[in-house]
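Accompanying notes for the structure given below.
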Amino acid sequence: MAALMIQGCGSDVGKSVLAAGLCRVFANRGLTVRPFKPQNMSNNAAVTAPDQAGRTGEIGRAQALQALACRTPATVDMNPVLLKPQSDTGAQLVVRGQVEGVWQAKGYQDRKAALLDVVLDSFRRLQAEADLVIVEGAGSPAETNLRAGDIANMGFARAADVPVVLVGDIDRGHVIASLVGAHAVLDDEDRAMIRGFIINKFRGDPALFDQGRAEITRRTGWADLGMAPWLAEARSLPAEDAVVLERSGDGRGGKVRIVAPMLSRIANFDDFDPLRHEPGVDFGFVPPGQALPGDADLIILPGTKATLADLAFLRAQGWDVDIAAHVRRGGRVLGVCGGYQMLGRTISDPDGVEGMAGSAPGLGLLDVETVLAGAKTLRHVEGRLTPSGAAVEGYEIHIGRTDGPDTARPVAMIDGTAHGARSGDGRITGLYVHGLFNRAEARAALLAEVGAASDGVDQGARVDQALDRIAAVLETHFDIPALARIAGLI
């Protein structure tokens, strides 16, 4: 019943990447490994493999990546509680892959302890099928104001009796204070769960921080389990948190320029990771407060967790004006999921599934209308793009149905059914398929429409190779035998 929990001194310290790397390390040693995150908060989600009843669900993107690192299909037990923020104070609650409503922050704090039984049940299911479970925490256990009823960090670790390794991020500075400070504020029982620490994202000669690592050990008594260098390969992995988004700094040069506005509730933005690797493409997200560039060849409207709210946000930034000018100049626009919904004439939310009930005019670039109602669509899809016939695969994860005259010109045939919509001149397109650019064949066909060539690499192969390279680095820089002993493997 071996297990190891990776917690961090804060968000974005690299827990997800290190957990994925360790999953691949132990999988490469012939073990059956499973990833687990009790509670996640992210709008980057993935669709799981069907269960025995044929039902799919959704989990955090990082756990789907970690499942890939373990070379196993993703299941809802790997992330039993997922919060998908829809506003500054409210989030959609997903339990074992299925929506259970929208919860306000205060109300959820009162309820989350009741979800511990669900979390522990999922964890035990994974333990029963694996030699080792690698668990990822959320945020930091040192956020003691959130300790009551906690199911994400020490609340889970103690309930499941899983030993913890704490990660400090040296790239952001004050790593000694972060680790020693966590030791100081944790209560005795929580502190006793931590068996060692790891330093992440070090740049330069590691010997320069030998004294610092010794100081952390002296002040905490925790074992020094290693220090990971800056993992450049992590750039090839799908990110979970929008904090990583930044505009491309490459400059246009002779490249085709593709941009996407950074919506306030942007979701599944890893859809566009493959574009970052294309040598003929300058891709970047445009942050709030900046205009969409006038020399863009293609504007992509990404997915969002709150379509109506982000449509209002888009207009508040003046991006609707930029898009209209782009179209007048002959530019192309692609909408994915929520971005597809925005391209139509109207969006209606009669039941308030995303917040307040209401409707709003869309951007009017496609002759379609969207109604946000009904059950959430969660499915893997395969098909071919039109008119190229290029094979495409991905997944749908959305609420709502989009219909109208422009759907008579579909963007793809998915499972034998017309999907998406295209304007009469072919320059405006929209569809619900996430992962649109992952397959090299589909990406090449889409880039050809804007005059760019493709490198011909499937994103799945790129990610898998990156996981192997990260695992090789961790083998060198971490005390893997000590981690195995802590986990209970030896």
Requested in this report: In plain terms, say whether Asp188 and Arg191 are close enough for a salt bridge, that is, a side-chain N and a carboxylate O under 4.0 Å apart.
Outcome: yes
Those residues at least two apart in sequence (or on a different chain) that pass ring pair (Phe, Tyr, Trp, His ring centres under 6.0 Å) with His477 are none
message: Side chains of Gln459 and Asp273 only: does a donor on one sit below 3.5 Å from an acceptor on the other?
response: no
Q. Do Val463 and Leu65 have side chains that get closer than 4.5 Å, going by heavy atoms?
A. yes
Which atom pairs, donor and acceptor, lie under 3.5 Å between side-chain atoms of residues 334-342 and protein residues at least two apart or in another chain?
unit_1 : atom_1 : unit_2 : atom_2 : d
Gln341 : OE1    : Thr307 : OG1    : 2.8
Gln341 : NE2    : Ile399 : O      : 3.3
Gln341 : NE2    : Tyr432 : OH     : 3.1

In plain terms, say whether Asp464 and Arg469 are close enough for a salt bridge, that is, a side-chain N and a carboxylate O under 4.0 Å apart. no
Hits for side-chain contact (heavy atoms from CB on, under 4.5 Å) against Thr144, two or more places apart or cross-chain, chain-then-number order -> Val185
Heavy-atom check, side chain of Val25 versus side chain of Ile480, under 4.5 Å: yes
Legend entry - Side-chain H-bond candidate by donor/acceptor type, Arg71 with Asn28, under 3.5 Å: yes
### Query
So do Leu93 and Leu83 actually touch side chain to side chain, heavy atoms under 4.5 Å?
yes
Report yes if the side chains of Cys23 and Val33 come closer than 4.5 Å at any heavy-atom pair, otherwise no. yes
Taken to the nearest 0.5 Å, the spacing of Ser140 OG from Leu146 CG works out to 9.5 Å
Checklist line | Beyond-backbone contact of Ile486 with Val164, side-chain heavy atoms, under 4.5 angstrom | finding: no
Met5 and Ala152 have their tightest heavy-atom pair at CE-O, 3.2 Å
Margin query: Side chains of Val17 and Leu231, heavy atoms from C-beta outward: is any pair under 4.5 Å?
Written below: yes
For Asp310 and Ser264, test the side chains for any donor-to-acceptor distance below 3.5 angstrom and give the result as yes or no.
-> yes
*asked:* Does this structure show an ion pair linking Lys376 with Glu58, if we count only N-O contacts that are shorter than 4.0 Å?
replied: yes
NE2 (His183) and CD1 (Ile216) are apart, to the nearest 0.5 Å, by 12.0 Å
Per side-chain contact (heavy atoms from CB on, under 4.5 Å), Ile198 is matched among Asp224, Leu18, Leu179, Asp479 by Leu18
Note: Val286 and Ala291 closest approach over all heavy atoms is CG1-O, 3.7 Å
Ring pair (Phe, Tyr, Trp, His ring centres under 6.0 Å) pairs touching residues 115-167, sequence neighbours excluded, are Phe36-Phe123, Phe36-Phe156, Phe123-Phe156
| message | Within the 3.5 Å criterion, strictly below it, is a donor on Glu136 or Ser16 matched to an acceptor on the partner's side chain? | response | yes
Separation between CG (Leu275) and CD1 (Ile300), nearest 0.5 Å, reads 5.5 Å
Scanning both residues in full, the closest heavy-atom pair of Glu233 with Ile470 reads CB-CG1, 3.8 Å
Exercise for the section: Compare all side-chain heavy atoms of Cys9 with those of Leu166 and state whether any distance is below 4.5 angstrom. Expected result: yes
- Query: Is there a donor-acceptor pair under 3.5 Å between the side chain of Thr48 and the backbone N or O of Ala74?
  - Reply: no
Q.
With a 4.0 Å cut-off on N to O distance, would you call Arg462 and Asp455 a salt bridge?
A. yes
Salt bridge (Lys or Arg N to Asp or Glu O under 4.0 Å) between Asp51 and Arg96, intermediate numbers included: CA-CA 11 Å; Asp51 61 17; Arg96 280 205 179 122; over 6 Å; no
Here the gap from Asp270 atom CG to Asn44 atom CG, rounded to the nearest 0.5 Å, amounts to 5.0 Å
Between Gly60 and Asn79, the two heavy atoms sitting closest are N-OD1, 2.9 Å
Closest non-hydrogen atoms of Gln7 and Asn153, given as atom of the first, atom of the second and distance, are NE2-C, 3.4 Å
- Task: For the pair Asn43 (side chain) and Pro85 (backbone), establish whether a donor and an acceptor sit closer than 3.5 Å, ignoring hydrogens and angles.
- Result: yes
TODO: Kindly assign one of parallel, tilted or perpendicular to the pair Phe283 and Phe272, based on the angle between their ring planes and the thresholds 30° and 60°.
DONE: tilted
Fill in: Validation row: Leu446, Ser454 side chains within 4.5 angstrom (heavy atoms)
no
Gln86 side chain to Lys305 side chain, donor-acceptor N/O pair below 3.5 angstrom: yes
Note to self: For Ala440, is there any backbone N or O sitting under 3.5 Å from a side-chain donor or acceptor partner on Asp458?
What the structure shows: yes
Residues Glu396 and His398: side-chain donor-acceptor under 3.5 angstrom: yes
(message) Using a strict threshold of under 4.0 Å (side-chain N to carboxylate O), is an ion pair present between Arg219 and Glu215?
(response) yes
Across all chains, not counting sequence neighbours, the ring pair (Phe, Tyr, Trp, His ring centres under 6.0 Å) partners of Tyr395 are His434
- Using a distance-only test with no angle check, is there a side-chain donor-acceptor pair under 3.5 angstrom linking Ser42 and Arg61? no
Shortest non-hydrogen pair, Lys37 vs Ala138, comes out as CE-CB, 3.9 Å
Separation between CZ (Arg29) and CG (Asp131), nearest 0.5 Å, reads 13.5 Å
Taken to the nearest 0.5 Å, the spacing of Thr75 OG1 from Gln63 CD works out to 10.5 Å
Residues at least two apart in sequence or cross-chain that pass side-chain contact (heavy atoms from CB on, under 4.5 Å) with Leu116, listed by chain then number, are Leu120, Ile151, Ala159
